[in-house]
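In what follows, a structure is listed as structure tokens, so that the remarks can point back to it.
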Amino acid sequence: MELLELFRPLISADNKFIREWKSRNKPVLGYACSYTPEEIVYAGGILPIRVLGSFEPPKLADIYLPVNVCSFAKSCLDRALKEEYSLLDGYVVSNSCDNQNKIYDLWRHCTAIPRTYFINTPHSITENALKFFCKELERFKEWLMNSFKSEISEENLKNAIETFNENRRLLRQLYELRKPNPPLVSGSEALEIVLSSMMIPKNEHNKLLHELLDGIERREDLPKEGERLLVSGTVMSNSKILRLIEGVGGCVVADDLCTGSRYFWDLVKENGEPMTTITERYLRKIPCPFMYSSEERFKHVREMVKLFDVEGVLIFSLKSCDVYSFDAPLLAEELRENEGLPVLCLEWEHTLSGIAQLRTRIEAFIEMLEE
Amino acid sequence: MSERRLETLKGFYRNYVKPFYEKAHKAKKKGKLVAWVASTFPVEILLAMGIIPVWPENYASLCAARRVSVPLCELAERRGFSKDICSYARCVLGSLFDGEDLPEGGIPKPDILVASTCACDTHLKWFQVASRIFKKPLLLLDVPYNVESASRENLPNHYLQHYVSQLEDLVSLLEKQSGIRLDEDRLGKTLELSNRTSELWLKIQNNRKNIPAPMGAREAFSAVYFMLCIPGTEQAVDFYERLCDELVQRVKQGAGVAENEKYRLVWDNLPLWFDLRIFQYLENLGAVVVAETFSHVWAGSLDSSKPYESLARKHLSNMANCTIERRIELIASLVKNFRANGVILPTNWGCRMMTIGETIVKKKIREMTGISSLILDVDSTDWRNYDEYGVKTKLETFLKTLE
Ligand code: SF4
Ligand code: SF4
């Protein structure tokens with residue numbers, strides 16, 4: 001379907017929307033983690049875009065970093081060093097994981113990014129943490145206003161919340177289309193759409209999504225039927241891996257990814273003081289593996305398994321990603337024992353080195369499911 | 001050589017470490033509350049409550065020194081834990097999957113686990129896994145990352161508040177769990193002992209400024225045990241008093257730990273617990289480690305009239321919880337104050353905190369002090385990739401460049 005083809009090019013950091021935004025002299029802010037409250041940024045007339053890695057082996061980052069470092073975070077730094085992110089007017093990191101926190105030092109010392117900021121995201125979900133996070137977000141707002149000479153009014157925040165929530169609702173509708181067999185959109189298409197939503201103004205993305213959702217019922221080139229799979233992991237910067245899975249007979253119908261469902265699943269409450277409701281949404285959203293505890297995330301995976309009629313789960317641990325690596329065996333055990341589901345645990349590098357082996361193992365897993 | 005060994009440290013393991021585990025096991029049997037503690041948690045609270053703290057990290061280093069850590073790591077790997085996570089964590093998790101023949105009978109099982117996010121993700125995640133295995137609660141102290149590398153005195157207010165209010169909540173939870181009330185006086189006394197421990201520890205360190213240095217890294221990495229694990233106790237104070245006296249004597253006699261001290265080194269991060277003889281090897285080449293960052297991050301005085309706040313200040317400004325600037329600043333000051341002429345920067349395979357940024361540290365230290373550093377890619381506990389010959393050659397070559 002043609003409309004679906006529109007999204008993939010948008011995943012790039014110099015897509016036409018960003019160029020257009022910049023041509024109006026409006027700032028663009030890169031962010032590292034899905035705990036960055038984009039509404040606050042957007043409310044200030046600043047475009048938040050997610051800094052993603054590429055699947056190319058890093059060149060410049062290797063000068064500074066050894067091999068035992070998260071290859072996603074490394075790749076992001078590499079792209080910044082290669083000046084692929086030269087359009088950014090700033091870069092925001094959230095206190096998510098050691099890899100990000102420590103590589104933040106390199107962003108500050110070695111790249112040409114004009115300004116950086118660090119949001120101290122708590123790692124627990126308690127009343128104390130809420131209070132603290134709220135204060136941190138107030139500080140972040142101040143920083144945005146000072147650095148970009150912008151005004152972030154309550155009204156702007158409310159509008160931003162509406163626009164973002166609309167996007168989340170639409171993405172949820174998109175995910176609904178994955179429930180039938182065969183699904184109306186494939187896993188790789190869905191991932192591309194979610195990724196692109198992080199790279200262009202949300203109001204523009206909403207328009208595209210409306211159009212897509214209006215026409216999709218008439219789609220003729222339906223994705224292939226196959227073993228219904230859920231993919232769990234942290235980040236995937238593009239759809240290569242999901243295409244690989246689909247190429248060997250898998251049908252990815254659901255995910256637990258920070259660039260997938262975890263990004264948009266939860267909404268911001270629309271009545272209430274915006275900074276408070278934003279704080280609550282981001283702290284209480286489906287937790288990433290760096291949060292204490294992972295039980296809520298496991299629950300989300302179990303729910304998805306039921307909602308999307310999943311037959312097998314693929315767990316993708318990025319090498320040297322501590323937070324996810326500790327969870328992986330626990331999640332696998334829980335799904336096998338409590339849900340009776342077949343699970344395949346895979347370690348991978350964001351550069352996709354060793355992809356042939358990955359393919360073989362996934363193929364074997366799918367064959368096993370088919371029997 | 002034997003007269004060079006410090007008297008106070010002879011039989012350290014037998015006299016202090018072993019009995020510690022025996023006592024903890026006994027207490028557990030008697031029904032006392034045992035807590036698993038991660039190293040950046042303010043243990044003084046537990047000590048003051050009479051809760052028995054045990055240290056999985058200490059246990060991992062002990063297993064490495066006894067050369068059993070690798071089989072334990074392998075057990076964890078077979079259960080699906082990645083080879084790329086911290087070997088401390090792998091080793092300890094491995095010990096939970098097989099209770100046979102563990103050194104000191106393993107770590108006593110916890111009734112409760114306490115951790116802070118101060119040093120690394122690993123503490124949080126590893127303790128979360130253990131809490132799930134034991135079905136015992138994990139109390140977490142969520143520590144803001146000190147992204148300004150602010151010193152104790154200059155920490156943002158809301159960081160302090162967040163730490164303190166959590167600590168207050170945590171104490172109530174601990175009181176509920178244990179049925180023991182935290183006695184303010186006793187906490188005050190524990191903090192005073194903790195201060196005394198840390199003063200003595202710093203005094204011990206200061207003796208090493210002397211040329212020749214009377215104590216090296218091997219001794220320091222053993223002796224830091226008190227500072228790290230049971231700082232607020234009479235035993236710690238007593239031990240450090242004796243160690244300090246012995247060092248003062250040695251300085252008077254002009255006795256150095258190396259026969260012929262030629263190079264003075266600063267050692268960052270952890271040692272190779274499974275091969276502490278590497279320090280002797282260095283000393284035989286005339287190279288003495290005169291300071292470790294590890295020995296300097298735990299000290300610092302606490303104000304017993306503001307117990308929670310001063311614990312907050314201490315831990316929030318711990319090097320592990322700060323940006324690279326703090327590490328650079330500490331190493332540079334050690335280089336200067338201890339008159340060092342080289343820095344060793346060992347990384348640790350599964351530890352991002354120790355691995356990322358070493359290249360910047362190296363560059364900045366050179367700019368600030370004119371001194372070179374050597375980055376060593378190693379692991380503290382897992383020797384499977386350890387190339388002893390290669391590491392020794394690197395060290396030797398490095399020393400030559402210092403001449
Ligand atoms: S993949 Fe893991 S280690 Fe890498 S940035 Fe994400 S959370 Fe951090
Ligand atoms: S070695 Fe590093 S990762 Fe392991 S517990 Fe210590 S600080 Fe954490």
Side-chain angles (χ1 to χ4, degrees), chain A residues 63-70 73-74 93 95-106 108-110 117-129 131-133 135-136 139 289-295 315 317 319-330 332-333 345 347, chain B residues 76 79-86 89 93 115 117 119-122 124-129 131-133 138 140-148 156-159 161-163 165-166 168-169 323-325 327 347-360 363-364 375 377 379:
Chain A
I63 302 171
Y64 301 102
L65 291 169
V67 285
N68 50 327
V69 164
C70 159
K74 186 193 259 188
V93 177
N95 183 22
S96 52
C97 68
D98 290 347
N99 276 291
Q100 290 284 16
N101 290 6
K102 298 298 169 190
I103 293 180
Y104 179 60
D105 286 332
L106 296 164
R108 286 186 298 119
H109 281 271
C110 311
Y117 191 82
F118 187 95
I119 300 172
N120 239 317
T121 308
H123 287 212
S124 60
I125 310 165
T126 58
E127 286 306 312
N128 280 325
K131 241 190 262 161
F132 176 78
F133 196 35
K135 179 93 197 177
E136 272 294 311
R139 292 200 345 159
F290 70 81
M291 293 294 273
Y292 178 50
S293 78
S294 298
E295 302 300 329
I315 290 187
S317 298
K319 279 170 83 60
S320 302
C321 167
D322 305 295
V323 291
Y324 193 84
S325 302
F326 277 98
D327 278 358
L330 307 185
E333 184 187 45
C345 290
E347 282 195 354
Chain B
R79 295 283 180 126
F81 292 97
S82 163
K83 257 187 159 175
D84 299 309
I85 60 175
C86 167
L93 289 176
T117 57
C120 61
D121 299 333
T122 299
L124 164 58
K125 298 307 292 185
W126 164 19
F127 276 54
Q128 204 173 311
V129 174
S131 138
R132 203 172 140 117
I133 292 176
L138 164 62
L140 181 73
L141 198 55
D142 170 43
V143 184
Y145 186 58
N146 186 350
V147 70
E148 292 94 9
N157 248 328
H158 68 302
Y159 287 17
Q161 251 169 28
H162 186 41
Y163 194 104
S165 38
Q166 288 180 87
E168 284 167 357
D169 288 358
T323 51
I324 201 90
E325 284 78 7
R327 178 179 298 250
T347 62
N348 195 12
W349 181 262
C351 179
R352 302 332 135 198
M353 199 263 289
M354 296 184 199
T355 301
I356 300 174
E358 296 293 54
T359 42
I360 300 185
K363 184 167 152 251
K364 292 277 169 191
I375 298 174
D377 286 319
D379 189 88

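Protein chains get the first letters and strands the later ones, always in sequence-line order, with residue 1 at the start of each.
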Checked B:Ser165, B:Cys351, B:Ala119, B:Cys86 vs chain A; the most non-hydrogen pairs under 4.5 Å come from B:Ser165
Cut-off 4.5 Å, heavy atoms of chain B, and the answer for A:His109 is side chain
Review point. Any idea how B:His158 and A:Phe132 line up, ring-wise: parallel (<30°), tilted (30 to 60°), or perpendicular (>60°)?
Key: parallel
From the list B:Ile375, B:Ile324, B:Thr347, B:Thr359, the residue making the most non-hydrogen contacts under 4.5 Å with chain A is B:Ile324
Between the CG atom in A:Asp105 and the CD1 atom in B:Ile360, the distance rounded to the nearest 0.5 Å is 6.0 Å
Greatest number of non-hydrogen atom pairs under 4.5 angstrom with chain A, of B:Thr122, B:Val143, B:Thr117, falls to B:Thr122
Highest number of heavy-atom pairs under 4.5 Å with chain A among B:Val147, B:Asp377, B:Ile133, B:Leu93 belongs to B:Val147
Heavy-atom closest pair (B:Asp121 atom, A:Asp98 atom, distance to 0.1 Å) is OD2-N, 2.6 Å
Chain A shares the most heavy-atom pairs under 4.5 Å, among B:Gly350, B:Cys120, B:Ser131, B:Gly357, with B:Cys120
Distance col, row B:Asn146:CG vs A:Phe118:CZ, nearest 0.5 angstrom, shows 10.0 Å
Applying a strict 4.5 Å limit to non-hydrogen atoms, the region of A:Cys97 in contact with chain B is both
The interface call for A:Leu330 against chain B, heavy-atom contacts under 4.5 Å, is both
By salt bridge (Lys or Arg N to Asp or Glu O under 4.0 Å), A:Lys319 pairs with (sequence neighbours left out) A:Glu347, B:Asp84
When the 4.5 angstrom heavy-atom criterion is applied to A:Cys70 and chain B, the contacting part is neither
task = Could you please spell out the steps behind the side chain to side chain contact (heavy atoms under 4.5 Å, CB included) verdict for A:Ser325 and B:Lys125?
result = CA-CA 9 Å; A:Ser325 302; B:Lys125 298 307 292 185; over 6 Å; no
So, the part of A:Glu127 with a heavy atom under 4.5 Å from chain B: the answer is neither
Here the gap from A:Thr126 atom OG1 to B:His162 atom NE2, rounded to the nearest 0.5 Å, amounts to 6.0 Å
Comparing B:Lys83, B:Lys364, B:Arg132 against chain A, the one with the most heavy-atom pairs below 4.5 Å turns out to be B:Arg132
When rounded to the nearest 0.5 Å, the distance separating OG of B:Ser82 from OH of A:Tyr324 is 12.5 Å
- Query: Looking just at side-chain N and O atoms, do A:Lys102 and B:Thr355 make a donor-acceptor pair shorter than 3.5 Å?
  - Reply: no
Requested in this report: Step by step, work out the side chain to side chain contact (heavy atoms under 4.5 Å, CB included) result for B:Ile356 and A:Val69.
Outcome: CA-CA 8 Å; B:Ile356 300 174; A:Val69 164; 3.7 Å; yes
ask   = Would A:Arg108 and B:Thr323 count as a side chain to side chain contact (heavy atoms under 4.5 Å, CB included) if you check the C-alpha gap in whole Å, the side-chain angles of each, and the deciding distance to 0.1 Å?
value = CA-CA 10 Å; A:Arg108 286 186 298 119; B:Thr323 51; 3.4 Å; yes
Okay, B:Glu325 and chain A: the region with an atom under 4.5 Å from a heavy atom over there is side chain
Cut-off 4.5 Å, heavy atoms of chain A, and the answer for B:Leu138 is both
Turns out that what part of A:Pro122 lies under 4.5 Å from chain B's heavy atoms comes down to both
Most heavy-atom pairs under 4.5 Å with chain B, out of A:Cys345, A:Ser124, A:Ser320, belong to A:Ser320
Of all heavy-atom pairs linking B:Leu124 and A:Tyr292, the shortest is CD1-CB, 3.7 Å
When the 4.5 angstrom heavy-atom criterion is applied to B:Glu148 and chain A, the contacting part is side chain
Looking only at A:Ser96, A:Pro289, A:Ala332, the option with the highest number of non-hydrogen pairs under 4.5 Å against chain B is A:Pro289
Applying side chain to side chain donor-acceptor pair (under 3.5 Å) to A:Asn120 and not counting sequence neighbours gives A:Asn95, B:Tyr159
Worksheet item: Can a salt bridge be assigned to the pair B:Arg79 and A:Glu333 using a cut-off of 4.0 Å between side-chain N and carboxylate O?
Response: no
The interface call for A:Ser317 against chain B, heavy-atom contacts under 4.5 Å, is neither
Applying a strict 4.5 Å limit to non-hydrogen atoms, the region of B:Gln128 in contact with chain A is side chain
Checking side chain to side chain contact (heavy atoms under 4.5 Å, CB included) for the pair B:Tyr145/A:Val93: CA distance, chi angles, key distance, verdict?
CA-CA 12 Å; B:Tyr145 186 58; A:Val93 177; over 6 Å; no
So, the part of B:Asn348 with a heavy atom under 4.5 Å from chain A: the answer is backbone
(message) Strictly below 4.0 Å, N to O, side chains only: are A:Asp322 and B:Arg352 in salt-bridge contact?
(response) yes
Notebook entry, point to check: Would you say the side chain of B:Tyr163 lies within less than 4.5 Å of the side chain of A:Asn128, judging by non-hydrogen atoms?
Noted result: no
